[in-house]
Amino acid sequence: MNTMNIGIILGSTREGRVSPQVGEWVKGIADKRGDASYEIVDIAEFQLPFLGTTDGTEPGITAWNDKLASLDGFVFVVAEYNHSISGALKNALDFAREAWNNKAAGIVSYGSTGGARAAEHLRGIMGELMIADVRTHPTLSLFTDFENGSVLKPQDLHLDNVDMMLDQVVAWSGALKTLR
Ligand SMILES: Cc1cc2nc3c(=O)[nH]c(=O)nc-3n(C[C@H](O)[C@H](O)[C@H](O)COP(=O)(O)O)c2cc1C
């Protein structure tokens with residue numbers, strides 16, 4: 001059996017961010033499934049420059065593309081910044097092309113309205129990158145799924161949604177692998 005490699009991509013890089021908590025929570029649910037290999041992928045670790053401001057020889061750029069190339073599918077952990085995704089996530093998306101193509105992705109978002117507006121922007125970007133985004137989309141509220149907007153205490157109802165989203169990501173990742 002071909003085991004799918006799924007990257008859980010932390011979509012924010014700021015000091016004090018909550019995305020690592022959300023990513024670890026998703027990974028905890030995912031690892032119980034035993035259907036794929038799941039790993040956290042932290043954009044911050046790659047120290048990507050701002051696209052176009054350097055000669056593009058930073059090792060992090062190659063490492064980022066190599067990491068994405070090793071993955072069959074993605075779960076984007078998406079924070080809402082001014083009704084969209086963070087600049088750091090957009091920059092990281094822009095830094096690869098083929099490594100994104102013909103792969104599947106799900107979204108777990110958070111914000112005052114569950115990060116829904118950011119997630120919908122990301123779906124538009126994924127169309128251009130030929131990433132097939134699945135339907136089920138867990139949305140965490142900064143008011144009811146976090147304490148003080150900073151400590152993740154997700155309501156139980158999200159568990160089924162995360163599992164359903166992962167069902168779809170794993171199935172589509174396997175299907176799309178046949179195209180690559
Ligand atoms: C620059 C900036 C803009 C933001 N804009 C929004 C927004 O438009 N809608 C929203 O629901 N939350 C907004 N927030 C709140 C973030 O969703 C919240 O701080 C969240 O924790 C950010 O994710 P992070 O902690 O992983 O960086 C904004 C936060 C920042 C830093």
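Both ligands and their constituent atoms are indexed starting at 1 by order of listing. FYI, side chains are in, hydrogens and waters are out, and symmetry mates aren't considered; it's all heavy atoms of this structure.
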Q: Taking atom CD of Gln47 as the centre, report whether more than 12 heavy atoms of other residues, nucleotides or ligands fall under 6.0 Å from it.
A: no
Q: Without swapping roles, check the side chain of Asn102 against the backbone of Ile131 for a donor-acceptor pair under 3.5 Å.
A: no
(Q) Taking salt bridge (charged side-chain N to carboxylate O under 4.0 Å, His left out) as the definition, give me every residue that meets it alongside Arg97, ordered by chain and number, with sequence neighbours left out. (A) none
Q.
Can a donor-acceptor pair be found, under 3.5 Å and without considering hydrogens, that links the side chain of Trp100 to the backbone of Leu93?
A. yes
Q | Donor + acceptor pair across side chains of Thr57, Asp55 (<3.5 Å) | A | yes
Q | Lys67 side-chain N/O to Phe46 backbone N/O, donor-acceptor pair under 3.5 Å | A | no
Q: Give the protein residues with at least one non-hydrogen atom closer than 4.0 Å to an atom of ligand 1, ordered by chain and number.
A: Ser12, Arg14, Arg17, Val18, Ser19, Ala79, Glu80, Tyr81, Asn82, His83, Tyr110, Gly111, Ser112, Arg117, Leu142
